[in-house]
Each structure stands twice: as structure tokens, then as C-alpha cells.
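Just below is one structure, and these are the notes that go with it.
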Amino acid sequence: MNGYGQFCAVARALDIVGERWTLLIVREMLSGPVTFGDIRRGIPRIPPATLTTRLRSLRAADLVRVADRRYQLTASGLTLAPVVRELARWGMTTESAALSEDDLDTAALTWDMQRRVDLDALPENTVVLALEFTDRPERDRYFWLHLSRTNVILCRQDTGAPVDLWLTAPTAEVTQWWLGELTWSQLQRHPGVTIHGNRGLQRQMQNWFLRYAFARQLRR
């Protein structure tokens, strides 16, 4: 017997969404249809075979459907949004779930940054923002965001395009700012953080990012 084997509705719900990674996969689809690769970039540590298995289970439960190779939540799947939101609330307010070194992942962080950009707030011309996470090994240290009003592209290699802004910082501090635990001014004042490049763009930069979606909802 794979499930809990209990009449309790909590147990029956966990039979479907209680396995490791499942609700994170649901989280990735809350903002709209995504590809298999999109999900992997949002959850870099999930093994591909596990993701395939979880998606198959979610489809069997009529929580997810596929169209044009893109996964999206069904009407039933969308009812999990308040569940994910309340888990985020609990995770951000309980000490036992406090942010730790093991939670820091520059790939997941920058992927979330690229999908949480306010396109209307960007300048007319494309801006290239280089990010260097000073405490990470080289494979997870450098990222480039190409920001325009039509799209946002995240690169892990330098394309050779001129860089307008450089942000150099420890991973923890950027993550805390993203989560809403630090203000932009507090981030800038941190001794390990430097921002250089076009001064006009430096003043605008904080307005380009909507930051962590659940933090914004909790503030509301």
C-alpha cells in the first residue's frame, strides 16, 4: 500500500501532493504554462527522472495537463494556490524554517529574478546586468540578465554584449533582499556588496524587480 490508508482528508490529500518535490512543481506552474526545462531551472536539484514521475502522477490526478509540450495546472490544480501560499507564509514566519546556507542556490535565485521583472519599469534600451556571487564556485558564480521591454534573457555565459551594470555580492545577502528581508538600501550598505556601472541605471535598478512573489503577497 503506497498511501497512508486513512480516511482523514489530510492523509488523502498528502497521498497525492505529499511526496517530495510535488508542491514545488505546482509552485512553478502557478504563474502559467511551463516547459519541462523551465521547471528544472526553477528547481535545479530535482533529478529529471523524478520530475517525470511526479508530473505523471499530477496528470493522473487531473491536477496538471499538457498542451504543446507545456505543462499547466488544471482548474483543480489551481485550487492548490492557497495551500502553497500558506506554506510560504509559514516558512517565512517560523524560526524552524529559517533560511540556511543549504538553501542558497544561485541558479534558482537568478531564474526567479528573470521571471519577476517589471517590463514596464525598464528603460527603452536593453540593459545588461552582470551578477557575481562572490562566495560561489565558478560554475555558480556568474550570471548575466539581458533586460528589455519585450523579454528577459538569463545567461550563464558572457555573450560579449556590453555590460551596463555589475552587481557583486554574497549569495545570502542577495537572497535576503529578494525575499524581502533586506531593503535595497540595506543591501547596498552591506560591506560585501558593490554595484557599479551607469549611475542613472543604478538609481533605477531596484524598481525593475518585483522580487519574491510570496513575500509580496504576504506584505499585502
Side-chain angles (χ1 to χ4, degrees), residues 24-25 27-48 51 68-72 101 103-180 182 184-185 187-188 190-213 215-216:
L24 292 182
I25 296 168
R27 178 201 69 189
E28 291 302 300
M29 286 181 265
L30 287 177
S31 58
V34 290
T35 65
F36 189 93
D38 291 337
I39 299 173
R40 287 216 63 211
R41 295 187 78 178
I43 318 173
R45 300 181 189 183
I46 187 171
L51 176 55
D68 298 326
R69 298 186 177 182
R70 299 177 74 85
Y71 296 87
Q72 62 186 86
E101 176 65 27
D103 302 320
L104 303 178
D105 187 326
T106 55
L109 173 62
T110 52
W111 179 250
D112 203 33
M113 291 176 71
Q114 70 86 32
R115 64 185 174 184
R116 295 283 299 162
V117 173
D118 184 354
L119 299 181
D120 294 333
L122 293 171
E124 290 185 6
N125 297 323
T126 299
V127 175
V128 178
L129 168 62
L131 302 164
E132 180 184 355
F133 297 97
T134 53
D135 57 333
R136 300 292 105 174
E138 187 163 347
R139 68 180 183 277
D140 296 319
R141 187 181 184 101
Y142 300 101
F143 297 83
W144 290 261
L145 281 168
H146 295 245
L147 306 158
S148 76
R149 291 184 178 179
T150 55
N151 65 353
V152 177
I153 301 172
L154 173 65
C155 300
R156 298 195 67 159
Q157 294 182 335
D158 188 355
T159 63
V163 174
D164 301 288
L165 290 170
W166 290 261
L167 171 59
T168 303
T171 309
E173 279 64 32
V174 179
T175 304
Q176 288 173 324
W177 166 70
W178 189 251
L179 291 172
L182 292 178
W184 181 249
S185 296
L187 176 66
Q188 288 180 298
H190 189 277
V193 175
T194 60
I195 303 171
H196 59 279
N198 184 289
R199 290 190 176 276
L201 295 178
Q202 286 186 48
R203 289 190 291 270
Q204 300 174 37
M205 181 178 164
Q206 64 173 313
N207 300 319
W208 301 341
F209 295 99
L210 300 171
R211 293 200 283 175
Y212 181 56
R216 188 172 190 175

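- In this structure, Asp68 contributes its side chain and Arg70 its backbone to no donor-acceptor pair below 3.5 Å.
- Classification of Asp112 and Arg211 as a salt-bridged pair fails, no side-chain N sitting under 4.0 Å from a carboxylate O.
- In this structure Thr150 satisfies the side chain to side chain contact (heavy atoms under 4.5 Å, CB included) test together with Ser148, sequence neighbours excluded.
- The closest side-chain heavy-atom distance from Ile195 to Gln188 is below 4.5 Å.
- In this structure a side-chain-to-backbone donor-acceptor pair under 3.5 Å is missing from Arg41 to Ala108.
- Between Arg156 and Glu138 no salt bridge is recorded (no basic side-chain N to carboxylate O distance below 4.0 Å).
- Counting only heavy atoms from C-beta outward, the side chains of His146 and Thr159 approach each other to under 4.5 Å.
- Looking at Arg141, its side chain does come within 3.5 Å of a backbone N or O of Arg136 through a donor-acceptor pair.
- A donor-acceptor contact shorter than 3.5 Å links the side chain of Asp135 to the backbone of Thr171.
- Judged by distance alone, with hydrogens and angles left aside, the side-chain atoms of Gln114 form no donor-acceptor pair with the main-chain N or O of Leu145 at under 3.5 Å.
- Residues passing the side chain to side chain contact (heavy atoms under 4.5 Å, CB included) test with Trp166, sequence neighbours excluded: Ala130, Val163, His196.
- Residues Phe133 and Thr175 are not in side-chain contact: their nearest non-hydrogen atoms beyond the backbone lie 4.5 Å or more apart.
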